[in-house]
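My questions will all concern the structure given below.
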Amino acid sequence: MRLVIVGASGSVPGPASASSCYLVEAEDEHGRTWHVVLDLGSGAAGSLQRYLDPRELDAIAISHAHADHCADLAVMDVYLRYSDPDGPAVVPVHGPFGLAGRIAELRGVDEHSDVLPTIAWQPGVPVRIGPMTLTCAAVEHPIPAYAIRVEGPSERGGDAVLTYSGDTDACEGLEAMAEGADLLLCEASFLERDDQPRGMHLTGARAGQIAQRSGVGRLLLTHIPPWIEPYEAVAEAAGEYSGPLGAAHAGMRVYL
Ligand SMILES: [Zn+2]
Ligand SMILES: [Zn+2]
């Protein structure tokens, strides 16, 4: 299983990266490669085309309906509908309840998209996408939001686990999803030194605490907004987590 950081910028796109978008790929026993993206934030549909034709996606998984995680579903609708004269392609979208209406709102129409059919997350109910299994848990954010755990074949044999936090403050749901993961891709939108509200985002330090308690193999901080230096978030996390860690950037590949 491989993770490609398509967009890592937090809350808004930045000069070097689109908003949240993470491509996860894995081969099944027949050698066919399956492709899933976790979130499709503002600017991400363009960056994604560096790595594959978006028509090749097997599924899209959306953590929550904030624009920096789902805005480019409107762009994807257009791409899937018009990019091939032979006809539209259809890509299923797993996401929070009500996402079909949100996509219509982003498109500026009333009807639900027929090229992006939606399936509502059910926490604890696994979703199979080829050789990958996705499970989700509700997390703490101002709107319904989910952390996503992806289990699939490891590049080194056996299975690997990738957990993506979505947007959340520290909570049980995230810890349950992160437990024993090989990689925790975790948001760190805030810094401890700033006086920020609770119930919305993690700081680098709180991301590090969760990684430590959950016993993850690696911690990759993401969703750092353009107005924060990534090294500051990493330094906070390093004070709490004793394993390998770093900050995600667009174009980074991680082999699991
Ligand atoms: Zn966000
Ligand atoms: Zn959010």
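Count residues from 1 along the sequence. Counting starts at 1 for both ligands and their atoms, following the listed order.
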> Can you name the N, O or S atom of Asp167 that is closest to the Zn ion (ligand 2)?
Replying inline: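 This turns out to be OD2.
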>> Regarding Asp53 and Tyr79, do their side chains bring together a donor and an acceptor under 3.5 Å, going by distance alone?
In response: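 Result is yes, a qualifying pair exists.
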> Closest to the Zn ion (ligand 2), which N/O/S atom of His141 is it?
Replying inline: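 For His141, the N, O or S atom at the smallest distance from the Zn ion (ligand 2) is NE2.
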> When you check the side-chain N and O atoms of Arg55 and Ser83, is any donor under 3.5 Å from an acceptor?
Replying inline: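 Result is yes, a qualifying pair exists.
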> Within a strict 4.5 Å, meaning less than it, do heavy atoms of the Cys70 and Asp39 side chains meet?
Replying inline: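 No, too far: nothing below the 4.5 Å cut-off.
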>> Can you tell me which N/O/S atom of Asp68 has the shortest distance to the Zn ion (ligand 1)?
In response: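 Atom name of the closest N, O or S in Asp68: OD2.
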> Which atom, counting only N, O or S, brings His223 closest to the Zn ion (ligand 1)?
Replying inline: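 Closest to the Zn ion (ligand 1) among those atoms: NE2.
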> Got a salt bridge between Glu151 and Arg128, using NZ or NE/NH1/NH2 to carboxylate O under 4.0 Å?
Replying inline: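 Between Arg128 and Glu151 there is no salt bridge, as every charged N stays at least 4.0 Å from the carboxylate O atoms.
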> Does any N, O or S atom of His66, backbone or side chain, fall under 2.8 Å from the Zn ion (ligand 2)?
Replying inline: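 An N, O or S atom of His66 is closer than 2.8 Å to the Zn ion (ligand 2), so yes.
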>> So that I can check it, does any N, O or S atom in His64 come closer than 2.8 Å to the Zn ion (ligand 1)?
In response: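 No, since none of the N, O or S atoms of His64 sits under 2.8 Å from the Zn ion (ligand 1).
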> What about the rings of His223 and His69, do their centers lie closer together than 6.0 Å?
Replying inline: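 Centroid distance His223-His69: below 6.0 Å, so yes.
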> Is there an N/O/S atom in His201 at a distance below 2.8 Å from the Zn ion (ligand 2)?
Replying inline: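 Not a single backbone or side-chain N, O or S atom of His201 is under 2.8 Å from the Zn ion (ligand 2).
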>> Pairing donors with acceptors under 3.5 angstrom, does anything connect the side chains of Glu187 and Thr168?
In response: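 There is no such pair (donor and acceptor under 3.5 Å, judged by atom type) between the side chains of Glu187 and Thr168.
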